[in-house]
Amino acid sequence: MPSANTARRIGVLISGRGSNLQAIIDAVAAATLDAELAVVISNTPDAAGLKHATRAGIETVVLDHTDKKCFPSREDFDRELVRQLKAREVALVCLAGFMRLLSPVFINAFPNAILNIHPSLLPAFPGINAQYQAWQHGVQFTGVTVHLVTAELDGGPIVLQEVVPVHEEDDAETLSARVLEQEHRLYPRAIQIVLNGKWRLEGRRFLHRV
Ligand code: GRF
């Protein structure tokens, strides 16, 4: 049973820019998110987001997946990720632009305790460049999804979604920028809901009442 303290501890995994990480840091600082950022882990040594973490005094770890000596297989890499997170008693793992597929080694180590943010209204436009996919498809509404991570890519139970309208004058960049604004609002809210623990799954439906 995690104690009240460890139940607030989150680990954030990034690969790049880290604007969602910054939104989480800001929400914790503003006390709109009651969580403790235990560690930020990047699989790319030069991820800009690492600087956000360092500036906020959060411990960072780099695990370079291209280092085949250390990580001959995906599972070896995932085992080390799990080890780093468990060592810090992380209750919830938040993927924030983490550009790696996770194997069952990782997913089974944190059952229903991994969150991801995706820049579309899933199940529409899974995978990469979701904003571009939505724009090119000509949808009039797209959005943001925060979901629990399962073995199916971008396919886990949906915790929260937000709609973003597509304007006729939008291009993929202006649309992405508006989607990103909503990402930054939605992710801290979703993390709080999951940490509060007042939810359950019914099939793949995430229900906010226990
Ligand atoms: C975001 O659009 C997120 O939805 C997707 O990857 C992007 C990461 O951006 N999974 P950032 O690194 O948080 O700025």
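We count ligands from 1, going down the list as the structure has it; atoms in each ligand are counted the same way.
Residue contacts with ligand 1 do not include I14, since none of its heavy atoms lies under 4.0 Å from the ligand. Ligand 1 lies within reach of G18, whose nearest heavy atom is under 4.0 Å from it.
Looking at atom 4 (O) of ligand 1, its nearest protein heavy atom turns out to be E183 OE1, 2.6 Å. Counting only heavy atoms of the protein, atom 5 (C) of ligand 1 lies nearest to I117 O, 3.9 Å. Nearest to atom 11 (P) of ligand 1 among the protein's heavy atoms is S19 N, 3.4 Å. Closest to atom 8 (C) of ligand 1, if we only count protein heavy atoms, is G97 CA, 3.6 Å. Closest protein heavy atom to atom 9 (O) of ligand 1: R17 NH2, 3.1 Å.
Between D170 and R178 there is a salt bridge, since at least one side-chain N of the basic residue sits less than 4.0 Å from a carboxylate O of the acidic one. Using a cut-off of 4.0 Å between Lys/Arg side-chain N and Asp/Glu carboxylate O, R9 and E89 are scored as not salt-bridged. A salt bridge links E202 to R205: one of the charged nitrogens lies within less than 4.0 Å of a carboxylate oxygen.
Other residues, nucleotides and ligands place more than 12 heavy atoms under 6.0 Å from the CZ atom of R204.
Aromatic ring pairs are classed by plane angle as parallel below 30°, tilted from 30° to 60° and perpendicular above 60°; the pair F206 and W199 is parallel. The aromatic rings of F98 and F77 sit parallel to each other, their planes meeting at less than 30°, with 60° as the upper class boundary.
Considering backbone and side-chain atoms alike, N20 places an N or O below 3.5 Å from some N or O of ligand 1.
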